[in-house]
Amino acid sequence: MTQIPENKVSPRDSKLHGKHFDCVIIGAGMAGLASGIRLGLAGKESIILERHNASGGLNSFYSIDGHKYDVGLHALTNYVPKGTKGSPLTKLLRQLRIPYDALELSPQLQSKIHFPSCQLIFNNDFSYFESQVAEQFPNEIDGFCRLVETIKNYDAFSLNAPSTSTREILKQYFKNPLLESMLLCPTMYYGSSTENDMDFSQFVIMFRSLFLEGFARPLNGVRTIIKALQDKYRSLGGTRKMRCGVAKIICDEQRAQKLLLDDGSEITANKIISTAGYTETLRLCNNDKNQELENNIGKLTFTETITLFKEQPKNLGWEDTIIFFNDSDHFRYEAPSSNLVDPQSGVICLPNNYAYPNEENLEYGILRITALAHTHKWFTLDETSYQEAKQHWYTILQKTALSILPSLNESQAEFASRTIAKDMFTPRTVHKFTGHINGAIYGCPNKIKDGRTHLDNLFIAGTDQGFLGIIGAMLSGISMTNLHCLQSKE
Ligand SMILES: Cc1cc2nc3c(=O)[nH]c(=O)nc-3n(C[C@H](O)[C@H](O)[C@H](O)COP(=O)(O)OP(=O)(O)OC[C@H]3O[C@@H](n4cnc5c(N)ncnc54)[C@H](O)[C@@H]3O)c2cc1C
């Protein structure tokens, strides 16, 4: 007999109790919404169940004291101008039947990879990045061009490709380890679930999406993207139920039979697409007690500080959109082993620095600083120590960023006087709002590329399937739904 979670209403009170769907989607993040749209377009009856009160998952938004904050979205990667054929963004929008203009994208101004002895600037014109590499690494430019040809021709989306070390492959193209580090810093920060090295397929996907394509952002941030997805899903008759988590998947050896919801009601479905994470999903089936799964839990997580200040950044001389920084010539990408945060490397984002239409811009300057965080320690702090730690690391990250941004000739205290509001999220926040174990942003290290689980009708999409970031998550939702719900005859 299934147990109703404590303090929940009786199943009889829920309108959902006893309903059957072609497909249930767990999670209203980018992957879940994209999956729902594909099902709606195919005339399937689906429901998206989301434990929280806002869509977007890892990439959402909130307000405090009347100030709006985006959680994610430094940049929508994979940007190409309207009408560009054959790119992931174009294909994705076609699959979702969402017009390009609905995303209201504005391109970045310019971004930077900032190491102490070298800086590489890039924008959405790849030839500019190539010229920067030629200027800074004249002995490596031939190898770089050969690497770019390999990347352009590589089948990065193969579901069966074995994992290959990017560091080993890069050594075949360059001699200078600094260039290797400088390419790994942005690609790992924007899409690696593994420490210090990444699967070459994933590197190819990230290199294309960051450098060969580019960065863009809607003026209103992630809200615009979520709204476009929600509106489309709703227009197709899809149901989205918020504050309605899946507490349990009740299954036999082969199939998921029922879903028990947080409110105690039970529903059934022919198929389930879960975007909650791989281990997280198997835990819902009470099937997570094996060593392979234990070894496949993500440990890479971040903190991010968000500071709203009075001026537009360009008036302070800060004209870059994103800065990927590292404080030595060797880039290490690993969870800090003792400190709560590792400020030696990170990402600085100034969302004001996009070419928004009609010279409009965000009301305030926004400075966001992302850095790697300890996997477990944030979860062990009591509330007072937690708040103190946030304040401590906010100050350190602010100092780090001010030392990298063009000098203001003013102290941190003076810059603080320009501040209107600030916030900071930690792995604990990520866990609270998405349920991802350890608050791991990029999920498990070994991806479930075919999306299959031990159950015939339960599939994984999103971060743990293997395509990362906003565009990646949507592509994952689309491709897993096409493969398992729309093409499959089961
Ligand atoms: C701070 C930050 C900045 C980022 N910046 C960028 C960026 O600039 N560009 C970019 O491309 N990507 C960025 N990303 C990454 C991007 O946000 C993610 O890769 C992508 O959004 C993942 O989408 P998803 O649908 O796979 O998973 P998620 O967003 O994690 O969605 C899963 C959803 O499932 C819900 N859920 C979990 N368990 C249950 C349950 N039992 N029942 C019901 N619902 C459940 C969760 O609440 C969540 O809403 C950023 C991420 C973060 C955290």
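We count ligands from 1, going down the list as the structure has it; atoms in each ligand are counted the same way. Just so it is clear, the structure is predicted and the values come from calculations on it, not from any experiment.
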Best match, [options]: closest heavy atom to [atom]:
{"atom": "atom 52 (C) of ligand 1", "options": "Leu58, Ile25, Thr303", "result": "Leu58"}
{"atom": "atom 32 (C) of ligand 1", "options": "Ile26, Leu33, Thr275", "result": "Thr275"}
{"atom": "atom 43 (C) of ligand 1", "options": "Glu304, Arg51, Met30", "result": "Arg51"}
{"atom": "atom 38 (N) of ligand 1", "options": "Ala276, Ala31, Gly191", "result": "Ala276"}

task = Just say parallel, tilted or perpendicular for the rings of Phe203 and Phe200, cut-offs at 30° and 60°.
result = parallel

query = Do the rings of His74 and Tyr190 sit parallel, tilted or perpendicular, given the 30° and 60° boundaries?
reply = tilted

inquiry  = For Arg332, is the CZ atom crowded, meaning more than 12 foreign heavy atoms sit under 6.0 Å from it?
reply    = no

Counting heavy atoms only, which part of [X] comes closer than 4.0 Å to ligand 1: side chain, backbone, both or neither?
{"X": "Phe425", "value": "side chain"}
{"X": "His436", "value": "side chain"}
{"X": "Ile470", "value": "both"}

note = The single option from Tyr442, Phe325, Phe324, Phe302 that satisfies ring-ring contact (aromatic ring centres under 6.0 Å, His included) with Tyr189 is Phe302

message = I want to check a possible cation-pi pair here: Arg452 against Phe459, using under 6.0 Å from ring centre and within 45° of the ring axis as the test.
response = no

Cation-pi geometry met for Lys112 and Phe122 (6.0 Å, 45°) = no

